[in-house]
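For reference, the structure discussed in these notes is given below.
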2 protein chains.
Amino acid sequence: MGRWKPDARGRLEQAALDLYGERGFEKTTVAEIAARAGVTERTYFRHFADKREVLFGGSGELRDMLTGAVADAPASTPPLEATADALETISAVFRGNLDRTRRRQAIINANPELREREVIKMAAFATALAETLRQRGVPDPAAALTAEAGIAIFKIAFERWIAAPGEKELPEFIRESLNELKAVTAAA
Amino acid sequence: MGRWKPDARGRLEQAALDLYGERGFEKTTVAEIAARAGVTERTYFRHFADKREVLFGGSGELRDMLTGAVADAPASTPPLEATADALETISAVFRGNLDRTRRRQAIINANPELREREVIKMAAFATALAETLRQRGVPDPAAALTAEAGIAIFKIAFERWIAAPGEKELPEFIRESLNELKAVTAAA
């Protein structure tokens, strides 16, 4: 189970990842996940609202880490710089977790419902980030644009990191994506 | 019915907009929409997969207009410039339609399911746009970042246009959002 704590929630996440990988998301039931994790279905639903949420269990913490890091940046740091720094900070969560992250992403990519859920999670990140930037005194539309740009940078860096295992670490891809966005906007 | 053609599809869209506005999205049934439009439920489902889709009927055409305009831009036009020009071109669809567009947006904003559907539609626009940019020879990650930036610009310009009726036209908000994104990235 690697880095995962052997609590019910962690065991459910691990069991879901294994079963979705072995049988596919569609063919796996909550009852099977609960059985593999050694808990009841009722316990499953205490932790996760449905069959999809078990794959997105850490996203609330990740969002709070991201907005927390932006809120804590020195007041003089420009908004997109503070955002990129915060994205690098939260990347630490994925360090050493490439294999697990790739397995999870392959499951998500194979299923339209899961891809939709991921899109919605990312949009919620952008909304939370824009709100944090407003609280730092960044006016709109700069706050909303910075948040959308930051999430786009993360999304694309993350895809590239997953696609090129071992080549570079995630923070390097984030910095590269930021630089590429700077080049693209400067040319327009 | 304003600009809307009195065909079954157009009548269904108009009836849904009216009923969702009067009674709320949740409390309206497909049977009621069909009855108001003077068609059968079967006809409704020939045009729209579910109760949500009737609000997003034009999105396929809008996506094709957007990618078509990017594909037709002179080869020398930088990718984000071609994208912003294309966004201004498709804005013509909304010209003179502010009232109807505001009513539709109020319905979407009031319902989490509809907001999710909209987020997913916008993500599909970004995916299609990135593919069009790749076909123009733009490499990744520039293609993906330009597409995400373009859709963010449109989304934020659209929100501002809806929130400030009559102040400026949508293309002006698009140009402003582009300039703001340039300022935000240049400062990072």
Residues of residues 106-116 of chain A within contact distance of chain B, non-hydrogen under 4.5 Å: A:E116

Chain B neighbours within residues 49-64 of chain A, where any heavy atom lies under 4.5 Å away: none

Non-hydrogen side-chain atoms of A:E148 and B:K155 separated by less than 4.5 Å: yes

A:P141 vs B:R160 side-chain heavy atoms within contact, under 4.5 Å: yes

Over all atoms of both residues, closest heavy-atom pair of B:A187 and A:P78: O-CG, 3.2 Å

Atom of A:E81, atom of B:A188 and distance for their closest heavy-atom approach: OE1-C, 3.3 Å

Rounded to the nearest 0.5 Å, what separates atom [atom1] in [X] from atom [atom2] in [Y]?
X      : Y      : atom1 : atom2 : result
A:I120 : B:E118 : CD1   : CD    : 11.5 Å
B:L145 : A:N179 : CG    : CG    : 10.5 Å
A:E159 : B:D140 : CD    : CG    : 8.5 Å
B:T185 : A:L178 : OG1   : CG    : 8.5 Å

So for [X], is it side chain, backbone, both, or neither that comes closer than 4.5 Å to the heavy atoms of chain A?
X      : result
B:A84  : neither
B:I156 : side chain
B:A142 : both

Chain B contact via A:I153 - which portion, at a heavy-atom distance below 4.5 Å: both

Side chain / backbone / both / neither for A:A149 at chain B, heavy atoms under 4.5 Å: side chain

